[in-house]
Amino acid sequence: MPVHALDLPAPDALQHALGARLPGFTHVQWVASTGSTNADLLARARQHRDAKPWLLGAHLQEAGRGRAGRAWKNRSGATLMFSCAFDVRLPPAQLPAISPLAGLAACEALRRLSGHPGVCVKWPNDVQWHDAKLAGVLAETTRNPDGDGHTVVIGMGLNLRDAETLSANLDRAIADWSQVEGHTRAHEAADIVQAAALAWQQAVADLEQHGFAAFVDRYAQGDALAGRMVNVIDRGEVLYSGQAAGVDAYGRLQVQCASGLVAVTAGEISVRPQP
């Protein structure tokens, strides 16, 4: 069957649809263009103590950000981009676990929609279609102005189309939703946003109650790195080489190196080519 890319409805129509689908969210907005949906929600959290959760999406981001502060800009209609803000009350030492948690929850939501195990998560939070990047997830936190906990902002950019062009331009494998949808029934943009927003909301609540230890087995079900030989790279330098061995109760990647098991908290993970 032919594969067709998903078309985004007008911003006001998408906002209306999501407002009806997410009645527990106190602020739902979708705009034609903004700088960064993550940055906008972080700024709102620093200025307001309105009840959360919030959702903000945009057809175009002029100053979007990826991990490690990388800048990127999308083509309007080619990427589904949105962010959600949640109040959390966690010890600061547990906040880093939100990054792999956000990637896992997004992966699980997209798996449920597609019904396909080819959707997986690459630590810490990239969502992949097989070994090609399908979506990037960015989690950021800020202290609430009244000192009562933190606001966590989780954003996702899901490629809807242009996988072939992006793969050629970036010289690495990129996937888009039209490839996934070729195996399933067609979904609307609102289906995807709703699924991810509710998955993040539930995951954050579960993290507060049970800690990341409750997610270790779930992470293993969608782990794109499990059992593979990897390099952990920081600023162009290989810090560790070994076999990926899942995540621990703090959301850290475990790598079995020659010197023993290492818990990785940051860095780029490169899958080593097999001999």
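These numbers come from the heavy atoms of this one structure, side chains and all, not from hydrogens, waters or symmetry mates.
- With no hydrogens or angles considered, no side-chain donor-acceptor pair links Ser36 and Asn38 at under 3.5 Å.
- Taking CG of Leu253 as the reference point, atom OH of Tyr219 lies at 7.5 Å (rounded to 0.5 Å).
- Less than 6.0 angstrom separates the ring centroid of Trp129 from the ring centroid of His116.
- Residues Val216 and Asp248 form no side-chain contact, since every pair of their non-hydrogen atoms from C-beta on lies 4.5 Å or further apart.
- In this structure, the side chain of Asp191 engages the main chain of Glu188 through a donor-acceptor pair within 3.5 Å.
- Under the 3.5 Å distance criterion, the side-chain polar atoms of Asn159 are left unmatched by any main-chain donor or acceptor of Arg161.
- With contacts defined as side-chain heavy-atom distances shorter than 4.5 Å, the pair Val232/Val238 does not qualify.
- A donor-acceptor distance shorter than 3.5 angstrom exists from the side chain of Gln61 to the backbone of Thr37, with no hydrogens or angles considered.
- In this structure, the separation between CG on Leu101 and CG on Leu95 is 11.5 Å, given to the nearest 0.5 Å.
- For Thr141 (side chain) and Val152 (main-chain N/O), no donor-acceptor pair under 3.5 Å exists by modelled atom type.
- Atom CZ of Phe215 has more than 12 heavy atoms from other residues, nucleotides or ligands within 6.0 Å.
- Residues Lys52 and Thr151 have side chains that bring a donor and an acceptor to within less than 3.5 angstrom of each other.
- Between Pro117 and Arg111, the closest side-chain pair of non-hydrogen atoms falls below 4.5 Å.
- Taking the side chain as every heavy atom from C-beta outward, Pro11 and Val31 never approach each other to under 4.5 Å.
- In this structure, Ile192 and Leu113 have side chains that are in contact, with non-hydrogen atoms separated by less than 4.5 Å.
- The residue from Lys122, Arg172, Arg228 that alone fulfils the salt bridge (Lys or Arg N to Asp or Glu O under 4.0 Å) condition with Asp131 is Arg228.
- Within the 4.5 Å cutoff, the side chain of Phe212 has no heavy atoms near those of the Gln94 side chain.
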Query - Candidate pair Arg218 and Asp223, rule salt bridge (Lys or Arg N to Asp or Glu O under 4.0 Å), full reasoning - result: CA-CA 9 Å; Arg218 284 168 58 180; Asp223 188 353; over 6 Å; no
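- The backbone N or O of Gly35 lies less than 3.5 Å from no partner atom in the side chain of Glu62, so there is not a single donor-acceptor pair.
- Between Trp200 and Phe82, the ring planes are tilted. Angles from 30° to 60° get that label.
- With a 6.0 Å radius and a threshold of 12 heavy atoms from other residues, nucleotides or ligands, Asp148 has its CG atom above the threshold.
- When only modelled atom types and interatomic distance are considered, Asp217 and Gln221 share no side-chain donor-acceptor pair under 3.5 Å.
- Counting heavy atoms from C-beta on, the side chains of Gln128 and Val121 never come closer than 4.5 Å.
- At a threshold of 4.5 Å between non-hydrogen side-chain atoms, the residues Leu55 and His27 do not count as touching.
- Not a single donor-acceptor pair under 3.5 Å links the side chain of Glu268 to the backbone N or O of Asp234.
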